[in-house]
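This report refers to the structure that appears directly beneath it.
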Amino acid sequence: MGITATTTASFSLETLPSGHVQLQETLDKKRRRWSSLLHSKDYHTVIREVLSYELGKYANSTSILPKSMSKIMRECILILASAPLIFTAAVDGILTTRFRADQDLQEEYAQIQERAHRQPSIYVHLLADEEGLAPTANQYMVIRDIILKYITYSGDAELAWKIDNVSNPKTSTGAATQGYRKYLWTTDISSRRLKILTKFCDGVYKRWMETPPAERETPMAFPPGECGYALNSHKRLEQHRKHISSNYLMNLVSDICVVLHRDLNLFPHLFSMHQFIIYLIFKPQQVEIAEIFCSGLLQVWIEIGGGFNHYPAGLSTASAKKVTPDEWREHDRFVRDMSPLEHNLKVQRALVDEYAAGLNEGMAGELREALESHSDDEDDIRDVDFKPDDVDTDE
DNA sequence: CGGCTGGTACCGGGAGAATA
DNA sequence: TATTCTCCCGGTACCAGCCG
């Protein structure tokens, strides 16, 4: 019972060299297309595609999202328009390799980090080696093989014991022999966790299958990732490093990577989770949508082989209520000062006319509505004097 | 002694499965 | 069908052990 077929625009029917027929655009191709659309400022197409897949998961949800599509679209536009360099680098898949060499990126990141002590934000984990290179598709399959052994009760107990003792809390050999698996355990071996890990393995296999055989030995262009929200991402990321209130699947994979490198010598490099804070949230009504949209855009979901997210986004955001109106105003001011938000919005307004001129009334209408969906009344903190005429933002 | 740190237990809210 | 139970993510409270 897979996800109901996505209804995104273009399906490509192609035959891989292996003879396998591809019914859907691959993760890799879709991501490259999104990345290039965003560079040409076509936010609208990307948002529509991301949401068409993601929002389906919330069909039965009660109240985490606004009812009107144009309001959701508007928040996504604001996110893209205010995205820092580091966000774009994450979408492009070059963040882990480029970061160390790029001074602009580092300087901007220093500011983001400083803000993230108080300002709600979106963080990511990216699986990469010491140089920032992602595993190859073949290596990802090796990780999958180890997980399949790990979840097999009668499987290799010594291997399971090694994995369970990479990080705290440590476990005994006896427990491992009797079938205990740290990352599968809640009150017993959890069937729910087994299901999630199996789904992850299926996703990895899917991604491997859709990778052309000639490319399976080169690092994947988009590192497997995980994405989340936090009021204080520094604290939250520390919890993840210590495997406290973290994501058991992601913790398992990172421990397996240690075993593969240190004990089994199957990986010449150590793959680990590289942490980044990629986006500063500046409006209360952005919180849930930001986590949902970013995780969709960054393709971190297990079922597509993109990463380690298995639990719905946008649910654990209660802490955002602790931010006071004054603080939100301050966050808003900061983001508008540091990002090209106003300029990008101007480009979007120009695009409405372009679409209209090209007789693409559907797109023009949707985009116009989203841009004009005025953050009505109490919704928006910053209601005061919005002046369409440019405010020359010189630093 | 007060302050820091790391570890652990626990809380809250939402969803979905299990149970009455 | 209504209620309870279990799980997950994000966050807090508290405690033991160490240091100056």
Side-chain angles (χ1 to χ4, degrees), chain A residues 1-4 54-67 72 113 115-125 151 164-171 180-200 203 225-255 273 275-281 284-296 298 300-303 306-324 327 331:
Chain A
M1 39 172 274
I3 310 296
T4 51
E54 298 302 323
L55 292 187
K57 302 175 185 174
Y58 302 90
N60 298 326
S61 292
T62 45
S63 63
I64 71 167
L65 287 169
K67 277 142 239 113
I72 298 175
Q113 282 193 299
R115 296 290 306 177
H117 288 284
R118 291 157 295 135
Q119 184 165 355
S121 54
I122 299 295
Y123 63 80
V124 293
H125 288 91
I151 66 180
D164 281 353
N165 281 280
V166 169
S167 55
N168 288 326
K170 305 292 202 260
T171 64
Y180 175 77
R181 300 288 182 271
K182 186 165 74 179
Y183 293 112
L184 282 178
W185 199 266
T186 51
T187 58
D188 200 326
I189 294 291
S190 155
S191 61
R192 194 155 149 181
R193 290 192 176 194
L194 276 171
K195 226 155 123 189
I196 293 293
L197 292 192
T198 305
K199 201 169 172 187
F200 172 80
E226 190 265 353
C227 174
Y229 150 89
L231 175 58
N232 181 337
S233 278
H234 295 285
K235 285 188 177 169
R236 184 69 187 124
L237 288 173
E238 194 191 352
Q239 285 187 318
H240 281 303
R241 285 197 295 276
K242 293 180 178 171
H243 294 197
I244 296 168
S245 298
S246 187
N247 171 326
Y248 58 87
L249 166 60
M250 178 170 73
N251 297 160
L252 172 62
V253 170
S254 73
D255 286 353
M273 299 297 163
Q275 303 183 319
F276 295 97
I277 300 164
I278 59 161
Y279 184 69
L280 294 169
I281 295 166
Q285 59 272 46
Q286 236 175 12
V287 177
E288 288 78 11
I289 295 173
E291 196 185 3
I292 292 168
F293 180 66
C294 291
S295 52
L298 295 173
V300 295
W301 297 99
I302 53 173
E303 61 268 23
F308 316 107
N309 280 59
H310 54 85
Y311 187 81
L315 289 183
S316 305
T317 54
S319 60
K321 291 195 177 63
K322 297 202 294 192
V323 180
T324 65
E327 286 169 329
H331 300 331

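Computed from heavy atoms alone, side chains included, the values below leave out hydrogens, waters and symmetry copies. Everything quoted here is computed from the prediction, not taken from an experiment. Letters go in sequence order (proteins before strands), and every chain restarts at 1.
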- Just say parallel, tilted or perpendicular for the rings of A:H234 and A:H117, cut-offs at 30° and 60°. parallel
- Query: Quick one: A:K195 NZ to C:dT6 P, roughly how many Å, whole number?
  - Reply: 17 Å
- Between C:dC8 atom P and A:K57 atom NZ, what is the distance in whole Å? 17 Å
- Answer yes or no for A:R193 and A:Y183: cation-pi contact, defined as NZ/CZ to six-membered ring centre under 6.0 Å and angle to ring axis within 45°. no
- Note on the structure: In B/S/- notation (B base, S sugar-phosphate only, - none; protein heavy atoms under 4.0 Å), nucleotides 6-12 of chain B written 5' to 3' is S-B----
- Item | Atom-pair distance (CG on A:N247; C1' on C:dC8), nearest Å | 9 Å
- If you look at every strand shown and take non-hydrogen atoms under 4.0 Å, does A:A318 touch a base, only sugar-phosphate, or nothing? nothing
- Query: A:S246 near the nucleic acid: base, sugar-phosphate alone, or nothing, with a heavy-atom cut-off under 4.0 Å?
  - Reply: sugar-phosphate
- Message: Can you see whether A:E288 engages A:Y58 through a side-chain donor-acceptor pair at a distance of less than 3.5 angstrom?
- Response: no
- Task: Please state whether the phosphate of C:dC9, meaning OP1 or OP2, lies under 4.0 angstrom from any side-chain nitrogen or oxygen of A:H240.
- Result: no
- Query: B:dG13 P sits how many Å from A:E288 CD, rounded?
  - Reply: 14 Å
- Message: Which nucleotide wins on minimum distance to the side chain of A:L315, given the candidates C:dC8, B:dG14, C:dC9?
- Response: B:dG14
- Message: Just the rounded figure in Å: distance from P of B:dC4 to NZ of A:K235.
- Response: 13 Å
- Which whole-number value in Å describes the distance from A:E291 CD to C:dG10 C1'? 10 Å
- Item | No-hydrogen, no-angle side-chain donor-acceptor test under 3.5 Å, A:S167 and A:D255 | yes
- Query: Any donor-acceptor pair under 3.5 Å linking the side chain of A:E327 with the backbone of A:T324?
  - Reply: yes
- Donor-acceptor side-chain pairing of A:R118 and A:H331 below 3.5 angstrom: no
- Item | Side-chain-base donor-acceptor pair under 3.5 Å for A:Y311 and C:dG10 | no
- A:K322 NZ to B:dG13 C1', straight-line distance once rounded to whole Å: 14 Å
- Message: For the residue pair A:K199 and A:W301, would you count it as a cation-pi contact if the rule is NZ or CZ under 6.0 angstrom from the ring centre and within 45 degrees of the ring axis?
- Response: no
- Think A:R192 has a side-chain N or O under 4.0 angstrom from the OP1 or OP2 of C:dC7? no
- When the distance from NE2 of A:H243 to P of C:dC8 is rounded to whole Å, what number comes out? 16 Å
